[in-house]
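Everything on this sheet refers to the single structure shown next.
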Number of protein chains: 2
Amino acid sequence: MNLEEYVLNKARNAKDASRNFSSTSDTDKIKILNCISEELITNKNYIISENQKDVEAAKNTGMSNSLLDRLILNDERVTKMAKGVQKVAQLQSSVGNISEMWKRPNGLMIGKMVVPLGVIAIIYESRPNVTIDAAALCIKSGNCVVLRGGSEAIHSNNALVKIIHQGIEKSGFSKDIVQFIEVTDRKAVDELMKLYEHIDVLIPRGGASLIKNTVENSMIPVIQTGAGNCHVYVDKQADLEKALKIVENAKTSRPSVCNAAEKLLVHKDIAEEFLPKIYSAFEKKVELRGCEKTLKILPQMKPTQEDDWSTEYLDYIMAVKIVDSTEEAINHINKYSTKHSEAIITENYTTAQKFLNEIDSAAVYVNASTRFTDGEEFGFGAEMGISTQKLHVRGPIGIKELTTTKYIILGNGQVR
Amino acid sequence: MNLEEYVLNKARNAKDASRNFSSTSDTDKIKILNCISEELITNKNYIISENQKDVEAAKNTGMSNSLLDRLILNDERVTKMAKGVQKVAQLQSSVGNISEMWKRPNGLMIGKMVVPLGVIAIIYESRPNVTIDAAALCIKSGNCVVLRGGSEAIHSNNALVKIIHQGIEKSGFSKDIVQFIEVTDRKAVDELMKLYEHIDVLIPRGGASLIKNTVENSMIPVIQTGAGNCHVYVDKQADLEKALKIVENAKTSRPSVCNAAEKLLVHKDIAEEFLPKIYSAFEKKVELRGCEKTLKILPQMKPTQEDDWSTEYLDYIMAVKIVDSTEEAINHINKYSTKHSEAIITENYTTAQKFLNEIDSAAVYVNASTRFTDGEEFGFGAEMGISTQKLHVRGPIGIKELTTTKYIILGNGQVR
């Protein structure tokens, strides 16, 4: 079997399995997930020893410590994965619900029923826990899944998929609902991205180049989980104590994640008071880079370059710009942001409303940290990532967002 | 300016215009649309004379009468377009509404606000009325639009866009909200489909090859408006009078549209009674093709070939299959349908529920004609087409479906 046939087979198996799996009851999905969770615990040592092979190989190729850390599975992490699966099992499912139903003048009743998407493909990078998280979320939402993990984690992923399959079979279902592409050749991804007749949605999880590749080359509809060049704007009528606390939290609580703030915009009227406070709070911890006006107040700061405004640092770096008005702040954000999360700090009602209405991002905050853009924090339970595209889902992708709807129409003989 | 720059400029102008237009009030959108409607009436003769150029050219190239009919604009049709724009103006807008809002344990209020998608590109074929319909629906939903019509209608489309621009400017807005690609070179479409940084959604309106081209080559997310290989299944517990009326309506009321029925499945227990009725009702009007079992009852019918089951005839042709069970009917439909609209005729509650739950199509009917899958009939007012994909919208694409949401989060100093 050549590569093309191999990948097509995986997709076709998932599609075939999804015909039955789409109407599986939530009780059965809970059973499947609990079995997977148990198998993870039972086979902990096997998983860790397979993972060890990936870790050794990565060390030999000189992988950086931070990437290595993402790859490692230990007792604690496998236990956490198993608990995560149980948690997903317990989430409130909306599959089968009818979200609205209305009556037409001719007596037809038209309703919108929540149904699974069908088959979801996930392309991801080095973190093996994605194998478990993604499979659990897809199963819970009634979808079949085609997984394609990074080559660095191939032993770990193979082991985890084996465990998932054991769990599914112990619960009495077909393991075909979770497909795994073992071939690490990049061409497998190219083949996968053509299969729009078998796969309903493709979700890339990883860095900018992975996402760009899928957006530009996939024939399957993509849900883009994008970068976060997030902004905090401190208005002239801000409570500066709140502002300080929020900027600090948004920048430093976890700088490596997409909802961390990267840019600070400050209204000119409070810049002289506020900026020195931020500067001393951040001293030695965060590298601040300033626009021309900022440097007049704090000449010790490094000057910004044009490309600072569009960069997602994912590090202890923040660029600062002084603006003349809320208007200017909004225009700057809408021009440079990645449409992830932006916050305004203000006590003024009209300014807050203006910001909420005019900022074009997935999540727009008043007086809170951008760090809350997260499925857990929004109350969705687990999530598959944060969508920065506009089609289908914007913001955290929970199990609800892994569904679609169909219309059901109840008649008594109506014709047109 | 080369072609690449020309198309990029159009997209960029639309994106720039959309920054302001997104937050335009519904009152202003109504004003714009009413002005466009008035301009259409005022300039009726100009439009018809420009259309005449396209019609003459089409006649010279020997265009078929049915295609020619789609191209022609006359007094009545322009008046109808103008009235259509007024009707779109009056639709209930949901832009700016907050569809749900919930409170988190930490006091954050999280709401989902309906917002325009941004910039929508529409690629369409010969019917010039799409220029007006699409522009009106996009404007009403707060979107800017990049239009790309077929070369056969270039004079008509140029004239209509000129009128749209006059209407927009008379109402005091920038004509940049509606962009039109005048270049008829097919390469313009190739360039357009790359511009995912400026265009949020692409909607192809036309035949199968146009749709396949956008699905396979567009880097912009596509809303697919697909073909309709629609089925009617007459169950053993059907009211045969209802069944006859519905099958007749679904097949013959307008065979050239996507919601017309193409296939008839009949339960074996009632086949001998029902099929002769259909046969005599359809005599000389509809060509019936039968499966092997059908031919045993009605040997005068033409036999079906394998590819009949997946063909959308769009004509007075219908293929008939006798099935042993509802199960078999559901499996056949899920295998061969284009996931548009399917109907069951039955008086049995459990059978109806099974069909509703297990059929994987945009619209699933009990005891009604598939012909109701339509924005107008669903109560949405006008529509942009019928989506047969699962992402974002399934079924009729009304103005609500041309929007997305953003999260607004109201805090009082929360940090994570």
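Labels below follow one simple rule: chain letters A, B, ... track the order of the sequence lines, proteins then strands, and each chain is numbered from 1.
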Is it the backbone or the side chain of [X] that comes under 4.5 Å from a heavy atom of chain B, or both, or neither?
X	answer
A/T373	neither
A/A363	both
A/N20	neither
A/S22	neither
A/V201	side chain
A/I110	side chain
A/R19	side chain
A/R104	side chain
A/E401	side chain

Which one wins on heavy-atom pair count under 4.5 Å against chain B: [options]?
options	answer
A/S253, A/G118, A/G379, A/S23	A/G379
A/E358, A/Q414, A/E241	A/Q414
A/T405, A/L391, A/T403	A/L391

Pairwise side-chain contact, [X] with [Y], heavy-atom cut-off 4.5 Å (strictly under):
X	Y	value
A/L108	B/F372	yes
A/R416	B/N259	yes
B/I246	A/V415	yes

Using 0.5 Å steps for rounding, measure from the [atom1] atom of [X] to the [atom2] atom of [Y].
X	Y	atom1	atom2	result
B/N106	A/E377	CG	CD	6.5 Å
A/Q389	B/I220	CD	CD1	13.0 Å
A/T404	B/H392	OG1	NE2	10.5 Å
B/D360	A/K406	CG	NZ	6.5 Å
B/M219	A/K212	CE	NZ	8.0 Å

List the steps and the verdict of side chain to side chain contact (heavy atoms under 4.5 Å, CB included) for B/N357 and A/M113.
CA-CA 9 Å; B/N357 281 309; A/M113 184 190 274; 3.4 Å; yes
Please flag which part of B/S361 lies under 4.5 Å from any non-hydrogen atom of chain A: side chain, backbone, both or neither.
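Just the backbone, heavy atoms under 4.5 Å.
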Does any backbone or side-chain atom of B/D374 lie under 4.5 Å from a heavy atom of chain A? Answer side chain, backbone, both or neither.
side chain
Can you tell me if B/K400 has over 12 outside heavy atoms packed within less than 6.0 Å of its NZ?
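No, not enclosed.
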Expected output: side-chain B/K390 to main-chain A/P116 donor-acceptor under 3.5 Å
no
Under 4.5 Å, counting heavy-atom pairs only, tell me which of [options] racks up the most with chain A.
options	result
B/S369, B/G413, B/P105, B/G96	B/G413
B/D200, B/V115, B/I330	B/D200
B/N412, B/N367, B/I409	B/I409
B/D239, B/V222, B/I359, B/I345	B/I359

Minimum heavy-atom distance between A/A368 and B/G411, given as atom pair plus value:
CB-CA, 4.2 Å
Where do B/G395 and A/Y407 come nearest, in terms of heavy atoms and distance?
CA-CE1, 4.3 Å
Side chain to side chain contact (heavy atoms under 4.5 Å, CB included) between A/Y196 and B/E216, worked out
CA-CA 9 Å; A/Y196 63 91; B/E216 296 192 347; 2.6 Å; yes
Can A/L410 and B/V366 be said to form a side chain to side chain contact (heavy atoms under 4.5 Å, CB included), step by step?
CA-CA 5 Å; A/L410 310 181; B/V366 178; 4.3 Å; yes
Parallel, tilted or perpendicular: rings of A/F378 and B/W102 (30°, 60°):
perpendicular
